[in-house]
Amino acid sequence: MTSGDREDRKSEALDKWLVILDELSHYQLLQLERSFDESALQSAFHTFSETFHPDRHPRADDETKAKLRRIFQRGAEAYRVLRSPRLRSEYDLAWAASRKGSGTTPAVQSLDALCL
């Protein structure tokens with residue numbers, strides 16, 4: 001596989017994430033069960049960061065870095081909210097209210113499947 005092929009695959013994977021990014025719950029984004037513990041949260045965010053942090057992709061072009069930045073910012077926000085019991089509780093209530101009756105959950109590929 002050539003460098004150009006890898007970059008094309010990376011761009012396609014990022015585009016897939018961006019399509020569903022705003023539909024994902026914080027739990028889905030970090031691939032956590034609702035009953036996670038602190039260790040699982042830290043591990044999930046570490047894995048997410050290893051994949052999406054823009055600094056992990058120093059050779060990426062500006063467009064790719066912008067995509068990575070958007071995804072990473074959403075993941076950082078998810079981590080911030082889920083690690084605070086008060087914010088997590090407020091988030092859970094707001095999420096449930098916003099999704100009531102929608103009955104749809106976007107399909108999320110694992111980070112391994114979309115690994116950059």
Side-chain angles (χ1 to χ4, degrees):
M1 179 180 298
T2 68
S3 175
D5 291 339
R6 276 192 298 277
E7 289 305 311
D8 288 345
R9 286 184 59 221
K10 181 188 296 187
S11 183
E12 288 173 17
L14 290 173
D15 288 341
K16 288 178 184 179
W17 272 88
L18 290 170
V19 165
I20 63 171
L21 187 63
D22 292 332
E23 299 175 28
L24 298 175
S25 73
H26 290 343
Y27 300 95
Q28 290 169 316
L29 185 62
L30 296 179
Q31 298 187 344
L32 286 166
E33 299 292 327
R34 287 197 176 279
S35 60
F36 69 84
D37 61 17
E38 184 67 26
S39 175
L41 176 60
Q42 289 176 356
S43 178
F45 186 65
H46 176 78
T47 300
F48 181 87
S49 296
E50 289 288 314
T51 304
F52 293 109
H53 197 287
D55 290 348
R56 299 283 298 157
H57 306 274
R59 294 188 183 117
D61 59 33
D62 289 342
E63 181 182 349
T64 300
K65 284 187 179 184
K67 291 175 184 180
L68 288 164
R69 196 169 18 264
R70 180 161 180 251
I71 295 168
F72 182 76
Q73 286 173 340
R74 180 86 198 294
E77 172 67 7
Y79 178 72
R80 184 185 71 80
V81 168
L82 294 178
R83 66 188 282 241
S84 163
R86 181 184 59 80
L87 293 176
R88 181 179 174 190
S89 178
E90 291 172 5
Y91 171 79
D92 287 346
L93 289 172
W95 179 263
S98 72
R99 297 297 178 193
K100 193 170 189 169
S102 74
T104 61
T105 302
V108 180
Q109 290 181 289
S110 71
L111 289 178
D112 291 337
L114 292 175
C115 189
L116 308 174

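Note that this is a predicted model, so its numbers are computed, not measured.
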Closest non-hydrogen atom pair, Ala44 against Leu30 = CB-O, 3.3 Å

request  = Inspect the surroundings of CZ in Arg59 and state if more than 12 heavy atoms from other residues, nucleotides or ligands are less than 6.0 Å away.
outcome  = no

note = Sorted by chain and number, sequence neighbours left out, side-chain hydrogen bond (donor to acceptor under 3.5 Å, both in side chains) with Arg56 holds for Glu50

Atom pair NZ/CG of Lys67 and Asp62 - distance to nearest 0.5 Å = 12.5 Å

query = What residues, two or more places apart in sequence or in another chain, satisfy side-chain hydrogen bond (donor to acceptor under 3.5 Å, both in side chains) together with Arg70?
reply = Asp22

key: Interatomic distance, Thr64 atom OG1 to Arg69 atom CZ [nearest 0.5 angstrom]   = 10.5 Å

task = Hey, could you give me the CG/CD distance between Leu68 and Glu63, rounded to the nearest 0.5 Å?
result = 11.0 Å

ask   = When you look at Tyr91 and Ser25, which way does the side-chain contact (heavy atoms from CB on, under 4.5 Å) test go after all the steps?
value = CA-CA 9 Å; Tyr91 171 79; Ser25 73; 3.5 Å; yes

key: Heavy-atom side-chain contact between Leu29 and Trp17 under 4.5 Å   = yes

task = For Glu12, enumerate each residue passing the salt bridge (charged side-chain N to carboxylate O under 4.0 Å, His left out) test, keeping only those at least two apart in sequence or located in another chain.
result = none

message = If you count heavy atoms of other groups shown closer than 6.0 angstrom to CD of Glu38, is the number above 12?
response = yes

query = Say you draw a straight line from CG of Asp37 to CD of Gln42; how long is it, rounded to the nearest 0.5 Å?
reply = 9.0 Å

request  = For Leu32 and Ala40, work out which heavy atoms get closest and say how close.
outcome  = CD2-O, 3.6 Å

Side chain proximity check, Tyr27 to Phe36, heavy atoms < 4.5 angstrom = yes

task = Please round to the nearest 0.5 Å and tell me the distance separating atom CD1 of Ile71 and atom CG of Leu18.
result = 4.5 Å

task = Please assess Glu77 against Gln73 for the test side chain to side chain donor-acceptor pair (under 3.5 Å), listing each intermediate value before the final yes or no.
result = CA-CA 6 Å; Glu77 172 67 7; Gln73 286 173 340; over 6 Å; no

task = Return the orientation label for the Phe72 and Phe45 ring planes: parallel under 30°, perpendicular over 60°, tilted otherwise.
result = tilted

query = Is the shortest heavy-atom distance from the side chain of Arg74 to the side chain of His26 under 4.5 Å?
reply = yes

ask   = Would Ser89 and Asp92 count as a side chain to side chain donor-acceptor pair (under 3.5 Å) if you check the C-alpha gap in whole Å, the side-chain angles of each, and the deciding distance to 0.1 Å?
value = CA-CA 5 Å; Ser89 178; Asp92 287 346; over 6 Å; no

note = Here the gap from Glu90 atom CD to Ser84 atom OG, rounded to the nearest 0.5 Å, amounts to 7.5 Å

request  = Grab the two heavy atoms, one from Thr51 and one from His57, that are nearest each other, plus how far apart they are.
outcome  = O-NE2, 2.9 Å

message = Ring-plane angle category for Phe48 and Phe52, please: parallel below 30°, perpendicular beyond 60°, tilted otherwise.
response = tilted

ask   = Same hydrophobic cluster for Leu21 and Val19, using side-chain heavy-atom links shorter than 4.5 Å among ILVMFWY?
value = yes

ask   = Just by distance, do the side chain of Thr47 and the backbone of Ser43 share a donor-acceptor pair under 3.5 Å?
value = yes

